[in-house]
2 protein chains.
Amino acid sequence: MKNRLKVLRAERDWSQQHLADELGVSRQSVNAIETGKYDPSLPLAFRIAALFDMRIEEIFTPDD
Amino acid sequence: MKNRLKVLRAERDWSQQHLADELGVSRQSVNAIETGKYDPSLPLAFRIAALFDMRIEEIFTPDD
DNA sequence: GCCTCGTGTCAAGCAAGCATGACACAATGT
DNA sequence: ACATTGTGTCATGCTTGCTTGACACGAGGC
């Protein structure tokens, strides 16, 4: 599962900590998702999409 | 997190077992998701959306 | 030099998403 | 009466998502 989180964050000049605060998760979770260590849960994916005002499919793409 | 899985399945007259096979998960997982015991992972949500040819947001809605 | 900020990463622990196997029960078919 | 099918649920166990706390490192500012 790939994601455009790092780019979207860079476009807004946000730190991982700031994004984490907006999403209500830890900085380590944001970092782990960005670096591909694991995928977010579905509820968190919805929060991410809502924050960037995008659809989930515009941010995450299954890497198969 | 609500979902329209039961309805979509009924529209196609599929059993939980058949849907589980299509998705590559167990019947119990399909049942647990339908009955709201837990939410699917993001990869599974993508597979579900692909199977029904819909967007994730058309099937799942955060219940906040 | 030092300090701060942003990022990456590790460990330990808890919670949630899967698995398999089993059982109960209603509805239907033979 | 018996077997089958679909659904709900339980127990147990493994893997993944997420937490807190900590440490290392590079880039910049003082």
Side-chain angles (χ1 to χ4, degrees):
Chain A
M1 185 76 72
K2 288 195 165 188
N3 69 78
R4 308 204 319 120
L5 218 55
K6 197 167 190 169
V7 175
L8 296 173
R9 189 170 58 79
E11 287 175 354
R12 286 155 184 80
D13 198 29
W14 289 351
S15 67
Q16 291 182 346
Q17 182 65 64
H18 178 75
L19 177 55
D21 292 341
E22 295 282 339
L23 295 171
V25 295
S26 69
R27 181 185 69 87
Q28 287 86 340
S29 289
V30 168
N31 184 76
I33 292 169
E34 282 193 1
T35 57
K37 290 198 171 180
Y38 53 72
D39 302 319
S41 67
L42 188 55
L44 180 52
F46 265 94
R47 271 180 280 156
I48 293 171
L51 180 61
F52 291 112
D53 196 29
M54 294 181 176
R55 290 185 284 111
I56 291 178
E57 290 87 351
E58 291 176 311
I59 304 177
F60 299 93
T61 57
D63 47 13
D64 297 336
Chain B
M1 184 77 68
K2 288 195 167 188
N3 69 77
R4 308 206 317 122
L5 218 55
K6 197 166 190 170
V7 175
L8 295 173
R9 189 170 58 78
E11 286 175 353
R12 286 154 185 79
D13 198 29
W14 288 351
S15 67
Q16 290 182 346
Q17 182 65 64
H18 178 76
L19 177 55
D21 292 342
E22 296 281 341
L23 295 172
V25 295
S26 69
R27 181 185 69 87
Q28 286 87 340
S29 289
V30 168
N31 184 74
I33 293 168
E34 282 193 1
T35 57
K37 290 198 172 179
Y38 53 71
D39 302 319
S41 66
L42 187 55
L44 180 53
F46 265 94
R47 272 181 280 155
I48 293 171
L51 181 62
F52 292 111
D53 196 30
M54 293 182 177
R55 292 184 285 111
I56 290 178
E57 290 87 351
E58 291 176 312
I59 304 177
F60 299 92
T61 56
D63 46 12
D64 298 334

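Any value given below was found using the heavy atoms of this structure, including those in side chains, with hydrogens, waters and symmetry copies removed. Small disclaimer: the values here were computed from a predicted structure and weren't measured.
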Hey, is CG on B/Asp63 packed in by over 12 heavy atoms from elsewhere, all under 6.0 Å? yes

For the base of C/dG8, is there a side-chain donor-acceptor partner from A/Arg27 under 3.5 Å away? yes

Once hydrogens and angles are ignored, does a donor-acceptor distance under 3.5 Å link the base of C/dG21 to the side chain of B/Gln28? yes

Is there a side-chain contact between A/Phe52 and A/Leu5 in this structure, where contact means two heavy atoms from C-beta onward sitting under 4.5 Å apart? yes

Rounding to an integer number of Å, can you tell me how far A/Lys37 NZ sits from C/dT7 C1'? 12 Å

Rounding to an integer number of Å, can you tell me how far B/Tyr38 OH sits from D/dC10 P? 13 Å

Atom-to-atom span, CG of A/Asn31 to C1' of D/dG21 - whole angstrom: 15 Å

Hydrophobic cluster membership, with links at side-chain heavy-atom distances under 4.5 Å among I/L/V/M/F/W/Y: are A/Phe60 and B/Leu51 in one? yes

Check: B/Glu57 and A/Glu57 side chains under 4.5 Å, non-hydrogen atoms: yes

Please say yes or no: joined through hydrophobic side-chain contacts below 4.5 Å, possibly via intermediate residues, are A/Met54 and A/Leu44 part of one cluster? yes

I want to check something: taking the side chain as every heavy atom from C-beta on, are B/Ile56 and A/Leu42 in contact at a cut-off of under 4.5 Å? yes

D/dT19, OP1 or OP2 - any side-chain N/O from A/Ser29 closer than 4.0 Å? yes

Protein-nucleotides 4-6 of chain C N/O pairs closer than 3.5 Å?
none

Side-chain donor or acceptor of B/Glu34 under 3.5 Å from a matching atom on the base of D/dG8? no

Between B/Pro43 and B/Ala32, which residue's closest nucleotide on DNA chain D lies nearer the 5′ terminus? B/Ala32

B/Leu42 CG to D/dC18 P: how many Å, rounded? 10 Å

